[in-house]
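Below is one structure, written out as structure tokens; comments come after it.
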Number of protein chains: 2
Amino acid sequence: MPTIKDVAEKAGVTVTTVSRVLNNRGYISEATRNKVYRVMKELDYQPNELARSLFRGKSNLIGLIIPTVSHPFFGELSAYIEGYAHSKGYKILLCNSQLEREKEIEYIDMLKRHQVDGIIMASHTIEVDEYSKVNLPIVTFDRRIKEKIPYVSSDNYQGGKLATNLLIDKGCKQIAHICGNLSLDLLANKRNEAFVATAQERGIKFHTVQTEINVFETKQYERLILELFSEHPNLDGIFASSDLIAASAIKICYQLKKEIPDEVRIVGYDDTNIASLVTPQITTIRQPIEMMSKLAMELLIKQMNEEKVTVENILPVTLQERETT
Amino acid sequence: MPTIKDVAEKAGVTVTTVSRVLNNRGYISEATRNKVYRVMKELDYQPNELARSLFRGKSNLIGLIIPTVSHPFFGELSAYIEGYAHSKGYKILLCNSQLEREKEIEYIDMLKRHQVDGIIMASHTIEVDEYSKVNLPIVTFDRRIKEKIPYVSSDNYQGGKLATNLLIDKGCKQIAHICGNLSLDLLANKRNEAFVATAQERGIKFHTVQTEINVFETKQYERLILELFSEHPNLDGIFASSDLIAASAIKICYQLKKEIPDEVRIVGYDDTNIASLVTPQITTIRQPIEMMSKLAMELLIKQMNEEKVTVENILPVTLQERETT
DNA sequence: TTGTACGCGTTATCAA
DNA sequence: TTGATAACGCGTACAA
């Protein structure tokens with residue numbers, strides 16, 4: 001790879017001059033400017049961003065920590081985030097934590113060593129204390145860390161309420177919420193609060209089932225749902241806290257020959273692409289993933305520019321009624 | 001962020017000494033070693049990888065260019081690749097090309113500027129010539145560029161053959177292949193070659209439908225499949241070149257009240273997570289995504305170490321029979 | 001066992 | 001309008 005020095009020599013000028021035409025700074029005669037440009041083309045010169053970043057104290061790198069990009073929600077989130085980042089001149093370092101505490105910590109350290117300008121954190125197994133060590137702009141998804149760290153989320157309580165009310169309105173008498181592990185300190189837990197409150201308020205029998213920390217094993221979902229039905233054969237409504245879980249529920253109902261939506265109604269969450277793709281199409285609570293991604297990037301960039309940011313950023317959810325209710 | 005200089009001063013030694021304990025080079029007394037370690041902890045010192053990379057001429061960064069991480073196949077691929085990269089000390093710069101030519105080129109330049117040690121290329125809209133400009137280790141997914149660039153793929157011809165034969169064996173009389181755009185120079189096109197050859201050989205009526213370049217629009221799939229059935233109402237077998245397309249086919253059959261697998265049989269491709277998640281579960285051709293990811297990383301690392309690599313790396317596919325046939 | 005000095009590729013300051 | 005030089009943070013000869 002040619003360096004600025006090679007360009008300078010070949011063009012018969014000094015590196016200063018080359019740097020000037022590169023960055024459009026100061027006065028340069030048209031003649032030398034053209035000569036330098038020509039040599040840059042000839043050599044296919046690309047400025048070394050490592051050296052630039054080192055000098056400037058800014059890398060234009062952003063770390064993205066998620067459980068895994070193979071989960072539809074995080075895959076879609078990552079795609080949007082990368083897109084917005086790219087349009088703002090930032091690059092994404094991808095980190096799949098698998099929801100393992102050690103990995104999250106290790107990744108954070110790695111990102112700091114690589115001088116990222118900020119971190120988007122959407123995996124939350126580490127303790128709140130760990131965040132104080134990160135002296136970097138952070139934006140969090142779905143978790144409130146402390147007063148200062150801005151977080152992006154959607155209205156989880158409202159989502160839980162919409163889902164639960166819909167099931168009851170449709171005539172369900174005994175409902176269950178299958179959600180992530182409640183020991184993780186996530187705003188998503190508000191879905192279950194809403195579920196419980198709504199069911200109690202309306203006098204409907206209800207159950208909550210938590211998945212294990214490790215999110216992505218669909219086999220696990222299937223086992224849990226199978227157990228749920230064997231314990232509660234009259235269950236007629238399921239609020240699944242992701243479209244993936246909802247799809248698993250559909251599968252089990254099919255196995256148990258329970259008609260959807262006649263015998264069992266199901267509401268999913270997220271409205272990822274699969275929700276409207278599977279058969280029957282999943283009634284779900286839509287999170288505005290694209291808006292959330294955009295907002296996260298904006299909040300991060302504002303912090304990098306030392307502008308003020310609002311800490312709480314909760315976007316509205318909407319009910320997407322389809323075929324499972 | 002504290003630098004090596006800060007550590008040196010606080011520990012009462014020079015930067016050389018700190019660098020030595022950091023990299024375990026040369027002789028150091030236990031006393032100073034411990035002192036330096038202690039100061040590093042106190043200051044929460046993290047070595048600046050930008051500076052290290054600049055000095056070493058090696059960034060430990062790898063660029064990953066895919067159409068979009070929100071597509072299940074590429075999401076799973078990315079997750080595996082990032083995992084293997086991480087275990088080998090490499091970090092992934094994520095690039096979603098959206099299958100746009102300009103973006104691919106732009107991303108390649110960006111990656112070069114950032115001094116990545118190699119590129120994994122799984123998005124293929126650019127011309128073969130463009131690759132000669134990339135003087136970097138590359139591994140390609142599913143495309144043969146020229147003699148020298150190693151590529152990872154699975155046995156597409158065999159996959160097409162397995163799928164087509166299965167449909168015919170099960171009794172289909174008129175079949176269609178819905179595949180990606182054949183104008184892209186991909187090894188995946190061999191699936192269609194196999195489809196055509198097998199159908200002709202066995203004397204079965206067949207059709208090929210290509211999607212538009214822009215891969216991910218499931219609405220597009222649905223429209224195409226709807227058109228397909230309206231033109232060929234007696235169609236009773238579909239070979240879908242991804243599980244996503246297969247899911248769309250299921251959806252349309254459901255709309256048209258065609259029973260699966262009695263009236264229409266469907267075979268998907270990839271065996272991504274959704275294949276066994278949806279209802280009915282998709283019979284599909286399994287690509288060994290995990291092995292392919294691992295192999296790609298290994299091939300890349302070998303190139304970086306200037307070891308010899310085999311150019312053609314084709315892994316076997318397997319038929320996963322499920323409920324759509 | 002530890003320190004001095006230089007270079008990695010770039011940009012900004014100051015001089016010419 | 002252009003050039004020489006220091007600095008960004010780090011690692012390694014070479015010297016002490």
Side-chain angles (χ1 to χ4, degrees), chain A residues 1-37 39-40 43-61 89 109-117 135-136, chain B residues 1-37 39-40 43-61 89 109-117 135-136:
Chain A
M1 293 270 277
T3 72
I4 199 172
K5 218 170 155 183
D6 300 317
V7 177
E9 277 177 22
K10 188 152 184 181
V13 295
T14 62
V15 292
T16 312
T17 308
V18 178
S19 177
R20 278 216 189 82
V21 334
L22 206 55
N23 300 289
N24 272 319
R25 293 220 204 298
Y27 294 105
I28 301 167
S29 75
E30 272 308 303
T32 50
R33 179 192 300 273
N34 290 333
K35 189 165 49 180
V36 170
Y37 272 140
V39 175
M40 295 204 299
L43 266 46
D44 189 29
Y45 167 72
Q46 309 266 10
N48 184 329
E49 287 295 335
L50 253 36
R52 288 181 138 181
S53 299
L54 180 60
F55 181 85
R56 295 186 185 138
K58 173 156 167 107
S59 65
N60 288 313
L61 254 33
D109 279 352
M110 181 276 274
L111 292 172
K112 286 173 74 172
R113 285 197 299 274
H114 277 271
Q115 314 298 117
V116 296
D117 296 333
N135 286 314
L136 271 176
Chain B
M1 292 268 279
T3 74
I4 199 172
K5 216 169 157 185
D6 300 318
V7 177
E9 278 177 21
K10 187 152 183 180
V13 295
T14 61
V15 292
T16 313
T17 308
V18 178
S19 177
R20 279 215 189 81
V21 334
L22 206 56
N23 300 289
N24 271 318
R25 293 226 200 296
Y27 295 105
I28 300 166
S29 75
E30 271 308 303
T32 50
R33 180 191 298 276
N34 290 333
K35 188 166 50 180
V36 170
Y37 271 140
V39 175
M40 294 204 300
L43 265 47
D44 187 30
Y45 168 72
Q46 310 265 8
N48 184 329
E49 287 295 334
L50 253 36
R52 290 181 135 181
S53 300
L54 182 59
F55 178 84
R56 293 186 185 137
K58 177 161 164 98
S59 65
N60 289 312
L61 253 33
D109 279 351
M110 181 274 277
L111 292 172
K112 286 174 76 173
R113 286 197 299 272
H114 278 271
Q115 313 298 115
V116 296
D117 296 333
N135 286 314
L136 270 176

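Not measured: the values here are computed from a predicted model. Below, chain A is the first sequence line, B the second, and so on; all start at residue 1.
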Open item on the list: For A:K58, is the NZ atom crowded, meaning more than 12 foreign heavy atoms sit under 6.0 Å from it?
Closed with: yes

How many Å lie between [atom1] on [X] and [atom2] on [N], as a whole number?
X: A:H114; N: D:dC10; atom1: NE2; atom2: C1'; value: 14 Å
X: B:I28; N: D:dG11; atom1: CD1; atom2: P; value: 12 Å
X: A:K58; N: D:dA7; atom1: NZ; atom2: C1'; value: 20 Å
X: A:R33; N: D:dT2; atom1: CZ; atom2: C1'; value: 13 Å
X: B:R25; N: D:dA13; atom1: CZ; atom2: C1'; value: 13 Å

Open item on the list: When you measure from the side-chain N and O atoms of B:S29 to the phosphate of C:dT2, is any distance below 4.0 Å, counting only OP1 and OP2?
Closed with: yes

Task: Base-contact (B) and sugar-phosphate-only (S) positions in nucleotides 3-10 of chain C, heavy-atom cut-off under 4.0 Å, - elsewhere - done: BBB-BBBB

Open item on the list: Show the nearest heavy-atom pair for residues B:S53 and B:S59, with the distance to one decimal.
Closed with: OG-CA, 3.5 Å

Task: Residue pair B:L43 / B:P2: nearest heavy atoms and the distance that separates them - done: O-CG, 3.4 Å

Open item on the list: I need the A:L50 CG to A:H114 NE2 distance, nearest 0.5 Å.
Closed with: 9.5 Å

Open item on the list: Applying a 4.0 Å non-hydrogen cut-off, can you work out what A:S53 is touching in the nucleic acid: base, sugar-phosphate, or nothing?
Closed with: nothing

Task: Derivation and outcome, side chain to side chain contact (heavy atoms under 4.5 Å, CB included), residues A:Q46 and B:L111 - done: CA-CA 10 Å; A:Q46 309 266 10; B:L111 292 172; over 6 Å; no

For residues 6-22 of chain B, please give each side-chain donor-acceptor pair under 3.5 Å, one per line with the distance, not counting sequence neighbours.
{"unit_1": "B:D6", "atom_1": "OD2", "unit_2": "B:T3", "atom_2": "N", "d": "2.7"}
{"unit_1": "B:K10", "atom_1": "NZ", "unit_2": "B:E42", "atom_2": "OE1", "d": "3.3"}
{"unit_1": "B:S19", "atom_1": "OG", "unit_2": "B:N23", "atom_2": "ND2", "d": "3.4"}

